[in-house]
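Notes to accompany the following structure.
By convention in this document, chain letters (A, B, ...) are assigned in the order of the sequence lines, proteins followed by strands, and residues within each chain are numbered from 1.
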There are 2 protein chains.
Amino acid sequence: MGRRRPGAPTLEEVAAHARVGRGTVSRVINNAAGVKDSTRRAVQQAIEELGYVPNLAARSLAGRRADAVALVMTEPDWRQFAEPFFSEIVNSLGNALTDTGMQLLLTLVRSDTERQRFLEYARGGRVDGVLLMSVHADDPLPDMLAEARLPTVLLGRRSGEEYVSYVDADNIGGARSAVSHLVQRGRRVIATITGPLDLYAAQCRLRGYEEALKLAGLKGEPTLAAESDFTADSGRRAMAELLDRHPDIDGVLAASDTTAAGALEALRAAGRRVPEDVAVIGFDDFPLAQQTEPRLTTVRQPIEEIGRAMIRLLLEEMEEGAVAWRHVILRTELVVRDST
Amino acid sequence: MGRRRPGAPTLEEVAAHARVGRGTVSRVINNAAGVKDSTRRAVQQAIEELGYVPNLAARSLAGRRADAVALVMTEPDWRQFAEPFFSEIVNSLGNALTDTGMQLLLTLVRSDTERQRFLEYARGGRVDGVLLMSVHADDPLPDMLAEARLPTVLLGRRSGEEYVSYVDADNIGGARSAVSHLVQRGRRVIATITGPLDLYAAQCRLRGYEEALKLAGLKGEPTLAAESDFTADSGRRAMAELLDRHPDIDGVLAASDTTAAGALEALRAAGRRVPEDVAVIGFDDFPLAQQTEPRLTTVRQPIEEIGRAMIRLLLEEMEEGAVAWRHVILRTELVVRDST
DNA sequence: TCATGGATTGGGAGCGCTCCCGATTTGTGG
DNA sequence: CCACAAATCGGGAGCGCTCCCAATCCATGA
C-alpha cells in the first residue's frame with residue numbers, strides 16, 4: 001500500500017552530479033554555513049536539474065526531529081469546530097509558525113481510538129510538539145503527552161491547578177471589568193450567559209461576573225445565569241430563558257460574541273432596545289462583534305498574542321526537553337462600542 | 001531544535017529482551033502472519049515491559065510509506081473554514097479512514113509560501129496521498145501534485161474538463177429536480193441564490209436551475225439570480241436584493257442550507273410567508289435544515305458517501321501508483337420538508 | 001525411522017539523511 | 001617562500017525499521 005514513486009533522486013545522486021561530497025549537499029539544503037559560494041551554486045544547480053526533494057523520513061530518522069507540530073482538537077461535538085474562535089486561533093498559530101519552517105498539522109481526536117492513534121503518531125516522533133485546544137476538565141490527553149515527555153502547550157487550562165504548560169487569557173479579570181462597566185452605566189439587574197461549565201474558561205468568566213457584582217454591592221442570584229455552548233442559537237435560547245425569569249434585566253454579559261449575537265436577536269424578538277433597555281457585552285472581540293446591530297461592546301482576547309505565546313512556549317520546551325512547565329496569562333481588554 | 005527523548009527503546013532492544021530476532025518483532029508489531037502464538041505473546045510482553053513505540057520515521061524510510069494522508073484546505077478566506085460543510089466532510093473522511101490505520105492531517109494553504117511548504121512536505125514523503133477540498137477554478141495545486149505523481153483526490157472539480165481524480169455530487173441534477181419540484185408546486189417566478197461562481201459546483205447548480213426553468217417553459221432572467229458566498233449573511237442580503245428586483249418571486253433555490261437560512265430571515269423581515277407566499281429550497285441537507293422555521297426542503301448531498309468514495313479512490317490510486325484518474329459523481333436527492 | 005515440505009525464525013542489506021571528524025585547500029603574516 | 005590557522009570538504013558511522021532469503025524447526029506419512 002502506498003509505495004513512493006521509485007527513482008526519486010537522492011542526496012547522494014545530487015552530490016555525484018555536482019561532483020561534491022554528501023556532506024556538502026547536506027550543508028547546502030540546510031542552509032548551513034561553511035560552503036564556498038561557488039560550490040553552493042553548483043550544488044543548487046544540480047538540485048534544480050535533478051528536481052531533488054529531500055526525503056523527510058530519512059531526515060527525521062537521522063536528525064531526530066520532525067519539523068512539524070500538531071494542533072489537536074479534542075471535541076467530540078463537531079459543531080464547536082465550526083466556531084470562529086477556532087479559525088482565528090488556527091490563523092494566528094499559522095502566522096506565528098511561518099518563519100520557523102515547521103508544518104502545522106491539525107488533528108482531530110473524537111474518540112478513544114483516535115486518541116490512541118494520535119498518541120502513537122506523536123510518540124512515534126512524527127511531530128516535535130503538540131498544541132491542544134479546547135481541553136475539557138476531564139481530558140486525559142495532556143497527561144498522556146506529558147508522560148511521554150512530549151513538549152505540549154494547552155490553550156486554556158483544565159483547572160486552577162493545571163501543571164502542563166498553557167497560555168490563557170485573564171478570563172476572570174475580563175468578565176469583572178465588563179460587569180463593572182455595566183454597573184457604571186447604571187445597570188442594576190445584570191445577568192450572564194455562561195459557556196459550557198466543564199470548560200474552566202467558562203467557570204472563570206462566571207467567577208469574574210460574580211466578583212464584580214459583589215464588589216458593586218449587587219446580589220447575584222443563580223437564576224441570573226444561564227448556560228450556553230458558545231453557539232448563537234444557544235445564546236438566543238439562554239437569553240429568552242433569562243428574560244422569562246427576570247423581565248427586569250437591564251444588563252447581560254455573554255460568554256462569547258457569537259452567544260451575544262444570539263442574545264441580541266432574542267432581545268429584539270422580545271421588543272427590548274439595546275442598549276437603552278438592556279446593555280449587552282460579548283467576549284472575544286471577533287470581527288462578528290462589529291457586524292451586529294448595534295455593534296457589540298466586548299472583552300477582547302488577544303488571539304494573535306495567544307498564538308505567538310503558545311508557539312514560543314512550545315519552542316522553548318522543545319529546546320530544553322520538556323523539563324519544566326510554563327504558564328502565561330494574557331491580559332484582556334474591554335472594547336466599548338454601541339451595545340452598552 | 002527538538003531532539004527526541006533519548007533512550008526510547010528500539011525494536012532491536014525489544015528483540016533482545018524477548019530473545020528473538022528483529023524480524024520476528026517486526027512481524028508482531030505489524031500483525032503479520034507466520035509467528036507462533038507463544039512467540040507472539042512473548043514479544044508483546046517485551047513490548048509492554050519496555051514501553052516500546054515504533055519510530056515512524058524509520059518505518060517510513062524503510063517501508064517507503066507514511067501511513068498518513070493530508071486533507072488540504074486552500075482557502076485564503078478563513079470564514080469558509082467555519083462553515084458546516086467543512087466539518088461534515090472532515091467527519092466523514094475521518095470515519096472512512098478509521099479502519100485503514102492511517103492518520104488524517106488537515107493542512108491549511110493560505111498563501112504561496114504555504115503552498116510551497118506543503119508541496120515540499122508532501123513530496124518529501126510525509127503523506128501517501130492528498131485530499132483537496134474547495135478547489136477554485138484557478139488553483140494550481142492539483143496540477144502540481146499530479147506532476148509530482150502524488151495520489152490526489154479532489155472534492156468537486158475545477159471545471160468540466162477536470163482530469164485529476166475527483167468525487168463530486170450531481171449538482172446539475174440536484175438543482176434541476178429542486179426547481180422542477182417548485183414548478184410542480186405551482187411556482188412561476190423562481191429565483192436562485194447562487195454560490196460563488198468561481199466554484200464549478202456553484203456554476204453547475206445555476207445550470208441545473210436554468211435547465212429546469214427552460215424545461216418548464218419559464219423564462220429565466222439574469223436578474224433572478226444573485227450570488228452569495230455560502231454564508232447565512234450573504235444569503236440574507238441576496239434574498240433582499242432579489243425581492244427588491246422582483247417583488248413577485250414565489251420560489252427560491254438557494255446555494256446551500258446556510259444560505260437558505262439567511263434567505264428565510266430576509267423573507268420573514270419582508271413579511272412573506274414560507275411556503276405560502278414564497279417556497280424555499282436549500283442545498284446540502286445539513287442538520288441545520290431541520291432546525292429552521294419552517295424546516296427546509298433541500299437537496300441532499302450524500303456527505304458520508306462522498307467521504308467514503310474519496311478515500312476509496314485515494315487508496316486505489318496509492319495502490320497502483322497514480323497512473324490513471326478516476327471520477328465519481330454521486331446522485332443527489334430531494335428531501336421535501338415544510339418550506340415548499 | 002527418515003525423508004519431505006510447510007511453518008517459523010534470524011539477521012544481512014539497505015532506505016536516504018545528518019553528524020562529525022579527519023583531510024584538504026586556502027589564506028595570512030613573517 | 002614557508003609555517004600555521006582558518007575555511008572547506010569528503011565520507012564513515014550510524015538513525016531504527018522493513019524486506020527478504022537462507023536457515024532451522026516441526027509434523028507427517030511412507
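Residue B:R41 contributes atom CZ, which lies 12 Å from atom P of C:dT9 at whole-angstrom precision. The separation between A:N55 atom CG and D:dC15 atom P is 18 Å, rounded to whole Å. Remark: P of C:dT24 and CZ of A:R19 are 20 Å apart, rounded to the nearest angstrom. Residue B:R123 contributes atom CZ, which lies 15 Å from atom P of C:dG16 at whole-angstrom precision. The separation between B:E12 atom CD and D:dC15 atom P is 9 Å, rounded to whole Å. Rounded to whole angstrom, the span from the CD1 atom of B:I47 across to the P atom of D:dC17 amounts to 10 Å. If you take CG of A:L11 and P of D:dG11, they are 13 Å apart, rounded to a whole angstrom. Whole-Å rounding puts the A:R65 CZ to D:dC15 C1' distance at 13 Å.
Neither OP1 nor OP2 of C:dC15 sits under 4.0 Å from any side-chain N or O of B:S60. Side-chain nitrogen and oxygen atoms of B:N30 include at least one within less than 4.0 Å of the OP1 or OP2 phosphate oxygen of D:dT18.
Side-chain contact annotation: A:T152 with A:E317, donor-acceptor N/O pair under 3.5 Å absent. Between the side chains of B:T107 and A:Q103, no donor-acceptor pair of N or O atoms lies under 3.5 Å. Checking B:N95 against B:E304 by side-chain atom types alone, a donor-acceptor pair falls below 3.5 Å. Between the side chains of A:S60 and A:R126, not a single donor N or O lies within less than 3.5 Å of an accepting N or O.
B:R308 contributes atom CZ, which lies 13.0 Å from atom CG of B:L97 (distance to the nearest 0.5 angstrom).
A parallel orientation is assigned to the rings of B:H327 and B:Y166, their planes being inclined by less than 30° (bins at 30° and 60°).
Between the side chain of A:S165 and the main chain of A:R326, a donor-acceptor pair closer than 3.5 Å is present. Using modelled atom types, one side-chain atom of B:R117 and one backbone atom of A:T98 make a donor-acceptor pair closer than 3.5 Å.
Comparing atom distances between the A:R64 side chain and each of C:dT9, D:dC15, D:dC9 picks out D:dC15 as nearest. Nearest nucleotide to the side chain of B:A62, out of C:dG16, C:dG14, D:dC9: C:dG14.
For DNA chain C, the residues of residues 20-28 of chain A within the heavy-atom distance limit of 4.0 Å (strictly under) are A:R22, A:S26, A:R27, sorted by number.
Using five terminal pairs a side, the axes of the helix from C:dT1-D:dA30 to C:dG30-D:dC1 at its two ends make an angle of 40°, given in steps of 10 degrees.
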Contacts table for residues 44-51 of chain B: side-chain donor-acceptor under 3.5 angstrom, sequence neighbours left out:
| residue | atom | partner | partner atom | Å |
| --- | --- | --- | --- | --- |
| B:Q45 | NE2 | B:E49 | OE2 | 2.7 |
| B:E49 | OE1 | B:H17 | NE2 | 3.4 |

